[in-house]
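Before any comments, here is the structure.
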Amino acid sequence: MAAPVLCQMRRQCPVVAYLSVVRREYASSPPSPPSLFNRFLFQLNQHFHDVEHLINWSSWLRNRVVRRKNVFYGYTQKRFGVSVAAAYYILGLGGGFRFAGHSEWFQPDSRGKFSYDFLNAPSSTIEEIDLSRTLINHAGLENIVSQNELRSLSLQGCPEVDDWFLARLHVFGESLQWLDLSHCPRITVGGLAALQHLRKLRRLDVSSLPQLQNPGLVRILLEEMLPHCEVIGADYEQGLIRTDNVEEAEPVRHK
């Protein structure tokens, strides 16, 4: 009964009939093309989507390279000894080292090639290590913790050296005398506090550490924590408020 009533209303009301026709024509007509602004937004969205994928892929690839370069050389330690394994790890990262009692430094050339003469000294221990601008991290540090006569360690400009790394350096507390941490972007005050275990440390470079907001204050704290160590790379005035040039306000005179 509802259908005859609806048909009767359409015949009696021309407006309803007109709207019905328009609705049928609109439903059957093809969709209108998107405007220029909508096309621009779509292209912009696709662009940023591709850029995001590229950044994620680049980050994944970098993390994969870091993990691969910092694997534990357990098999090499069992086969050739801990010193040879440490030497091979250092050279593989692009760093250099010197055995105790020797003046010759082992380091790769500009193409990353290096000599394997260090295999002839399996019982020697490493005294100096230069890992500046390499990808060493706290996991790879496990390859060199066996060098209990290490006296000098340079980590200048290492992007993966962080507070966890510094906390692991306590294993060199009885031997390490010189430590270079300059230009390491991830080191904070909390990591530097872990250096209190390096009782033999005599020289510490903390220059250009971007995470330190008050380098002058950090230097004071380090010198109190390590009284026999020379801290370089941070002036006392850096980050501290100077009041010597501030003029005192003139007191108000009461009449």
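Note that the numbering runs from 1 along the sequence shown for the chain.
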Determine, using the 4.5 Å side-chain heavy-atom cutoff (strictly less than), whether [X] and [Y] are members of one ILVMFWY cluster.
X      : Y      : result
Leu195 : Val189 : yes
Val145 : Leu153 : yes
Leu181 : Leu135 : no
Ile220 : Val218 : no
Leu169 : Val171 : yes

May I ask you to decide if [Y]'s main-chain N or O and [X]'s side chain share a donor-acceptor pair within less than 3.5 Å?
X      : Y      : result
Asn143 : Tyr73  : yes
Asn137 : Ala139 : yes
Asn214 : Gly216 : no

(Q) Give me each pair satisfying ring-ring contact (aromatic ring centres under 6.0 Å, His included) with a member in residues 136-173, each pair once, sequence neighbours excluded. (A)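 The answer is none; no pair qualifies.
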[X] vs [Y] side-chain heavy atoms within contact, under 4.5 Å:
X      : Y      : answer
Val71  : Arg67  : no
Glu127 : Gln147 : no
Asp162 : Ile187 : no
Ile126 : Ile90  : yes
Val82  : Thr76  : no
Phe99  : Thr125 : no
Leu141 : Asn70  : no
Leu91  : Phe97  : yes

Q: Kindly confirm or rule out a cation-pi arrangement of Arg219 over Tyr236, judged by NZ or CZ under 6.0 Å from the six-membered ring centre and within 45° of its axis?
A: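 Judged by the rule, Arg219 and Tyr236 form a cation-pi pair.
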Shortest non-hydrogen contact from [X] to [Y]?
X      : Y      : answer
Leu209 : Val206 : CG-O, 3.4 Å
Leu131 : Ile129 : CG-CG2, 3.6 Å
Cys158 : Pro185 : O-CD, 3.8 Å
Cys184 : Val161 : SG-CB, 4.4 Å
Pro159 : Gly157 : CD-O, 3.3 Å
Ser154 : Ser132 : OG-OG, 2.9 Å

Q | side-chain hydrogen bond (donor to acceptor under 3.5 Å, both in side chains) contacts in which one or both residues fall within residues 77-88, not counting sequence neighbours | A |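 Applying side-chain hydrogen bond (donor to acceptor under 3.5 Å, both in side chains) to every pair that reaches into residues 77-88, excluding sequence neighbours, yields Tyr75-Arg79.
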Q: Output every pair passing side-chain hydrogen bond (donor to acceptor under 3.5 Å, both in side chains) with a member in residues 179-202, not counting sequence neighbours, ordered by first then second residue.
A: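 Listed once each, the pairs are Glu160-Arg186, Asp163-Thr188, Glu174-Arg199, Asp180-Ser182.
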Q. Can you list the steps and then say if Phe118 with Ser124 is a side-chain contact (heavy atoms from CB on, under 4.5 Å)?
A. CA-CA 9 Å; Phe118 61 89; Ser124 300; over 6 Å; no
Q: May I have the step-by-step check of side-chain contact (heavy atoms from CB on, under 4.5 Å) for Gln156 and Arg133, ending in yes or no?
A: CA-CA 6 Å; Gln156 182 184 27; Arg133 295 172 293 278; 3.5 Å; yes
Q.
Taking side chain to side chain contact (heavy atoms under 4.5 Å, CB included) as the criterion, tell me which of Leu179, Ile232, Leu198 meets it with Leu204.
A.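 The passing option is Leu179.
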Q: Let me see the working for Ile144 and Tyr89 under side-chain contact (heavy atoms from CB on, under 4.5 Å), right down to the final yes or no.
A: CA-CA 8 Å; Ile144 62 176; Tyr89 166 72; 4.1 Å; yes
Q: Evaluate the side-chain contact (heavy atoms from CB on, under 4.5 Å) criterion for residues Cys229 and Glu223: first the C-alpha distance (whole Å), next the side-chain angles of each, then the deciding distance (0.1 Å), finally the verdict.
A: CA-CA 7 Å; Cys229 179; Glu223 289 177 343; over 6 Å; no
Q | CD1 on Ile136 to NZ on Lys69, rounded to 0.5 Å | A |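 Output value for this atom pair is 12.0 Å.
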